[in-house]
Amino acid sequence: MNGLLEGLHAAQQGLRAGLHALGLAPEVHGQPAWPLDHRIAAEMLVVDAGHARRVLWSLACGGVALLVLVVSLPWRRARGPLWALAVALLVCAPWPQAHLLLAPAVPTSLHQSPTGFGATGMVRGQAVYQQHCVRCHGADGRGEGPDAPQLAQWPPNLNGALLWKRLDGELFWRVREGLHNRAGVLTMPGTGDALLDAQIWEVLDYLQAHAAGQMLRESGTWDRPVRLPGMAVSCRQGRARQARDLVGQRVRVAVAGQGAPWVADDPRWVTLVVGALPAGADAECQPQGGSDALAAAEQALALVLGVPVAQLPGYQLIVDRGGWLRARGQPGKAAWSEDDLVCRSTTTPAPVDGAAATSITTTPADGLQALIRRMDAEPVRLLRGGFPH
Ligand code: HEC
């Protein structure tokens, strides 16, 4: 299934790149446009297993039919029966329904956000939200802003999984161009040229970070994967200059400050300490930049954790090798356990061998070990609009 999604994604991106090279897909908003009215509806493949199976079988039948045709070319005597076989394969394939296969597309459907989920942009996005969106969507993003009751339609709650279900580029388009209901009535006005492209991407990052924090506050989990916000870092060893350079390694993020215990380096992960370090202390990695950048790093963590900045000291986060935030340690908590894994994979957990399993429950120090083992055994994947991201 994942292979199918990746293949379709690559095919679609490849088609766009090919059309762009031929001059048929000019750039819009900084990236090549998707010039067709429809795109592959990957989201349907994710939610409807029967449909996904039909697509796979049809692709297989089509592939075999093609192979049979190729074989028949030099093999003149068998050509008749082989062609009949190819036709039979195509007729008998369980072709999926077209309306499940394709979804309406916009020119920016395949655009990818260029922000890297960066902390400073996210904070700028928050300001944009306050200025342009809050009157309808409300300070908490639940859709209960002061202007909401007068609208043709109530704004949706942006704190659930909604944003994760959409493609980045389609959210961008909706915010810029606006939304209409089935009757053609404008339900949300687009920002048009009032916002720069970068500002729209940034406000979307803010919304996603905020939604992640609210999700964690309400359900105690991140149902959808959340990335470590991007920030400039400086590390004692190595050449990492950005948080994303640490992808591939496990990272433990600790927020220093009043009352937070000092987190020592540990060979199992890279330690990134955010916030004011105690005098004389030296962290393996720290955010870098002016006071704005440092404040943005804290604000971004506060957003994804769903807590005010003042309550941050003492929080810890564990980031897996894919750059996803996986576990949260709350201030004042003595030891880690598997319950701290707040972003879990939907795949079945890999069996843990007996010896290891007993050691998990015995000493608190092993709680973290068990958590890491489980995190590594169950990687998460982000699907946006059904496509791997
Ligand atoms: C005049 C009120 C209003 C303003 C201002 C407004 N929105 Fe909306 N927004 C709505 C309504 C109503 C909907 C639901 C429309 C629908 O589904 O047809 C919506 C839907 C959305 C959605 C969900 C789109 C989807 O894919 O379902 C997003 C995201 C969003 N708005 C973001 C923003 C952002 C970002 C801003 C500020 C730049 C903004 N909105 C400003 C009223 C507003």
Side-chain angles (χ1 to χ4, degrees), residues 29 34 37-44 46-47 102-115 117-118 120-215 223-224 226-227 229 299-300 303-304 382-387 389:
H29 301 294
W34 177 247
D37 290 346
H38 288 81
R39 59 168 174 83
I40 296 167
E43 55 271 56
M44 292 312 295
V46 176
V47 296
L102 297 174
V106 294
T108 59
S109 275
L110 267 55
H111 278 40
Q112 305 248 341
S113 170
T115 59
F117 204 50
T120 29
M122 207 179 279
V123 171
R124 283 194 297 262
Q126 183 165 16
V128 168
Y129 183 80
Q130 304 298 350
Q131 203 184 336
H132 295 268
C133 325
V134 83
R135 66 185 173 97
C136 296
H137 287 282
D140 61 2
R142 261 173 232 289
E144 291 159 16
D147 287 3
Q150 286 104 54
L151 299 174
Q153 188 179 323
W154 210 259
N157 179 2
L158 297 174
N159 294 342
L162 177 79
L163 297 173
W164 278 263
K165 288 189 186 151
R166 305 277 194 250
L167 289 172
D168 268 353
E170 294 188 349
L171 285 172
F172 175 92
W173 190 262
R174 286 170 185 190
V175 171
R176 201 189 134 85
E177 305 296 326
L179 277 160
H180 295 80
N181 65 13
R182 290 221 174 110
V185 177
L186 187 75
T187 48
M188 166 166 123
T191 60
D193 292 333
L195 293 180
L196 300 170
D197 290 356
Q199 289 178 301
I200 299 181
W201 292 118
E202 287 171 357
V203 75
L204 289 172
D205 276 354
Y206 160 72
L207 284 176
Q208 202 186 21
H210 179 263
Q214 298 306 305
M215 203 186 283
D223 291 347
R224 311 281 159 150
V226 186
R227 208 176 277 286
Q299 177 64 23
L303 278 171
V304 295
L382 176 62
L383 296 176
R384 291 295 298 271
F387 286 113
H389 212 68

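Since this is a predicted model, take the numbers as computed values, not measurements. We count ligands from 1, going down the list as the structure has it; atoms in each ligand are counted the same way. Residues take their numbers from the sequence shown, with the count starting at 1.
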Side chain proximity check, [X] to [Y], heavy atoms < 4.5 angstrom:
{"X": "L195", "Y": "R176", "value": "no"}
{"X": "Q208", "Y": "F117", "value": "yes"}
{"X": "Q199", "Y": "L196", "value": "yes"}
{"X": "P104", "Y": "D37", "value": "no"}

Carboxylate-amine/guanidinium contact R39 E170, below 4.0 Å
yes
Just which atoms of ligand 1 are under 4.0 Å from any heavy atom in V203?
35 (C)
Short N/O distance, under 3.5 Å, between R135 and ligand 1?
no
Can you check whether T187 has an N/O within less than 3.5 Å of an N/O in ligand 1?
yes
Decide whether T187 and N181 meet the rule of one side-chain donor and one side-chain acceptor closer than 3.5 Å.
no
Looking only at side chains, do Q126 and E202 share a donor and an acceptor under 3.5 Å apart?
no
Among all protein heavy atoms, pick the one closest to [atom] and tell me residue, atom and distance.
{"atom": "atom 13 (C) of ligand 1", "result": "P156 CD, 3.5 Å"}
{"atom": "atom 5 (C) of ligand 1", "result": "H132 O, 3.4 Å"}
{"atom": "atom 23 (C) of ligand 1", "result": "L162 CD2, 3.9 Å"}
{"atom": "atom 22 (C) of ligand 1", "result": "L158 CD2, 3.9 Å"}
{"atom": "atom 27 (O) of ligand 1", "result": "R166 NH2, 2.9 Å"}

Nearest heavy-atom pair of L171 and L163: which atoms, and what distance?
CD1-O, 3.8 Å
Total protein N/O/S atoms whose distance from atom 8 (Fe) of ligand 1 is less than 2.8 Å:
2
For A148, which residues count as a side chain to side chain contact (heavy atoms under 4.5 Å, CB included) partner, sequence neighbours excluded?
W154, P155
Per-residue contact class, [X] against ligand 1 - non-hydrogen pairs under 4.0 Å:
{"X": "T191", "answer": "side chain"}
{"X": "Q153", "answer": "both"}
{"X": "P189", "answer": "side chain"}

Using atom types as modelled and distance alone, determine if a side-chain donor or acceptor of N159 lies under 3.5 Å from a backbone N or O of D140.
yes
Classify the ring geometry of H137 against Y129: parallel below 30°, tilted from 30° to 60°, perpendicular beyond 60°.
tilted
